[in-house]
Engineer: 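My structure is below; once you've seen it, I'll send some questions.
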Amino acid sequence: MPELAEVEFFRRRWDVGVGQKVVDVALHADKRIFRGNDLATFQRVLPGAKLVGSEARGKQMLFRFSHDVWLGVHLGMTGELRHEPQEFSPGKHDHLVLRQSRQSLVFSDPRLFGRVLFHHGPHAPEWWSRLPPALTSDEFTLDRMMAFLKRRSRSPLKGVLLQQEFFIGIGNWMADEILWRAKIHPRRAAGCLDGAEAREVWKAIRFVCAGALRIVSKDYSDPPPSWLFRHRWEKGGRCPKDGTELGRETIGGRTTAWCPQCQPE
DNA sequence: GGAGTTGTTTAGGA
DNA sequence: TTCCTAAACAACTC
């Protein structure tokens, strides 16, 4: 599920634990979401550390604790964060439980495509500081976007919008929503856009990111019916602008929905 | 039972 | 070298 706004929604669910110490840690150590971690140190250092705050950037989250402890979380396809009562027995997919005095913070992930990255040190981990700028920041400029599209000039735009090394936080539904609003066919090559078309894509990215963060991350509401989002998975779904039946195909390796009328090839 | 899923990594071909 | 695609990962739903 989680793209930009959904990730922000789940991050806030752990806010309830800010200011409280972790008193105990329960985890499924053999699950692949923990790969690459020094779990012995993790389990030794985390108890006693207080959750101080957190940030989300794209699909990544970073939770900051006292005692130089940091916890990175990626939700993959089916991960979620939630809180449960302090005395709570973890289910099959509840792979990480941080018990605090008033509740337990839980990371759950049935398909195990998510990831937890533990870090111990005075500064945020390097993988975090190297993330590209948020698409909602002033650093995400039309010029920088066009330079990236040029470097991927032969790929379909749909696939390029999913590349997290630049379009951080965009996932399958957001990419379709963006191209639909920019009136660009998802199979068009990234290098073939003229200046005006690139500008439409850039504006649509800003609009979709801001709208999703406002609507979805507040309480996990769906965007309104005027968005493609509400129709893209319906059988016989139609374009909310002109009623044309949507096209559906695999493009850039992912199932893609578009309006053949608004987005001519 | 088979196909499909809002994500990422990797192997291998172009 | 660099770019691009398909498969793999794993569990669940329709």
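Values in this document were obtained by computation on a predicted structure and should not be read as measured data. Every chain is numbered from 1, with letters handed out A, B, ... down the list of sequences. Scope of the values below: all heavy atoms of this structure, side chains included, with no hydrogens, waters or symmetry mates.
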Engineer: Distance check: side-chain N/O of A/Q164 vs OP1/OP2 of B/dT8, anything under 4.0 Å?
Structural biologist: yes
Engineer: Looking at A/H74, I'd like to know whether one of its side-chain N or O atoms comes within less than 4.0 Å of OP1 or OP2 on B/dT8.
Structural biologist: yes
Engineer: Just the rounded figure in Å: distance from P of C/dT2 to CZ of A/F148.
Structural biologist: 15 Å
Engineer: Hey, does the side chain of A/K59 come within less than 4.0 Å of B/dT8's phosphate (OP1/OP2), counting only N and O?
Structural biologist: yes
Engineer: Go nucleotide by nucleotide along DNA chain C from the 5' end; which of A/R32 and A/H93 gets its closest nucleotide reached first?
Structural biologist: A/R32
Engineer: How would you label the contact of A/K92 with the nucleic acid (heavy atoms, under 4.0 Å): base, sugar-phosphate, or nothing?
Structural biologist: sugar-phosphate
Engineer: Say we look at B/dA3 and C/dA7: how far apart would their P atoms be, to the nearest angstrom?
Structural biologist: 13 Å
Engineer: How far, in whole Å, is C/dA6 from B/dG4 if one measures between their P atoms?
Structural biologist: 15 Å
Engineer: Rounded to the nearest Å, what distance is computed from the CZ atom of residue A/R187 to the C1' atom of nucleotide C/dT5?
Structural biologist: 14 Å
Engineer: Looking at A/R82 and A/E84, does any basic side-chain N land under 4.0 Å from a carboxylate oxygen?
Structural biologist: yes
Engineer: Tell me: CZ of A/F166 to C1' of C/dC3, nearest whole Å?
Structural biologist: 18 Å
Engineer: Would you kindly say whether A/W258 and A/H185 are connected by a side-chain donor-acceptor distance under 3.5 Å?
Structural biologist: yes
Engineer: Tell me: CD1 of A/I215 to P of B/dT6, nearest whole Å?
Structural biologist: 20 Å
Engineer: Within the pair A/T255 and B/dT5, is there a side-chain N or O less than 4.0 Å away from OP1 or OP2?
Structural biologist: yes
Engineer: Taking CD from A/E6 and C1' from B/dT5, how many angstroms apart are they, rounded to a whole number?
Structural biologist: 14 Å
Engineer: Let's see if you get this right: which residues in residues 109-119 of chain A place a heavy atom under 4.0 Å from DNA chain C?
Structural biologist: A/P110, A/R111, A/L112, A/F113
Engineer: Reckon A/R152 has a side-chain N or O less than 4.0 Å from the OP1 or OP2 of C/dC3?
Structural biologist: yes
Engineer: I would like to know whether A/E165 and A/R152 meet salt bridge (Lys or Arg N to Asp or Glu O under 4.0 Å); could you show each step before the answer?
Structural biologist: CA-CA 12 Å; A/E165 62 192 272; A/R152 296 284 183 278; 3.0 Å; yes
Engineer: Of all the choices, C/dC4, B/dT5, B/dT8, which nucleotide is nearest to the side chain of A/R154 once you look at every atom?
Structural biologist: C/dC4
Engineer: Under a 3.5 Å cut-off for both contacts, is B/dA14 paired Watson-Crick or G-U wobble with anything, and if yes, with which nucleotide?
Structural biologist: C/dT2
Engineer: Starting at CD1 of A/I33 and ending at P of B/dT9, how long is that distance when rounded to a whole Å?
Structural biologist: 15 Å
Engineer: Taking atom P of B/dT6 as reference, at what distance in whole Å does atom CG of A/L228 sit?
Structural biologist: 13 Å
Engineer: Linking Ile, Leu, Val, Met, Phe, Trp and Tyr by side-chain heavy atoms under 4.5 Å, what else ends up with A/L228?
Structural biologist: A/W180, A/L246
Engineer: Without swapping roles, check the side chain of A/N37 against the backbone of A/V116 for a donor-acceptor pair under 3.5 Å.
Structural biologist: yes
Engineer: Check A/E200 with A/K183, please: is the shortest side-chain N to carboxylate O separation under 4.0 Å?
Structural biologist: no
Engineer: In whole angstrom, give me the gap between the P atoms of C/dA10 and B/dA11.
Structural biologist: 16 Å
Engineer: Hey, does the Lys NZ or Arg CZ of A/R181 hover above the aromatic six-ring of A/W227, less than 6.0 Å from the centre and inside 45° of the axis?
Structural biologist: yes
Engineer: Just how far is it from atom CG of A/D109 to atom CD of A/E80, taken to the nearest 0.5 Å?
Structural biologist: 9.0 Å
Engineer: Figure out the CZ/P separation between A/R248 and B/dA3, and round it to whole Å.
Structural biologist: 16 Å
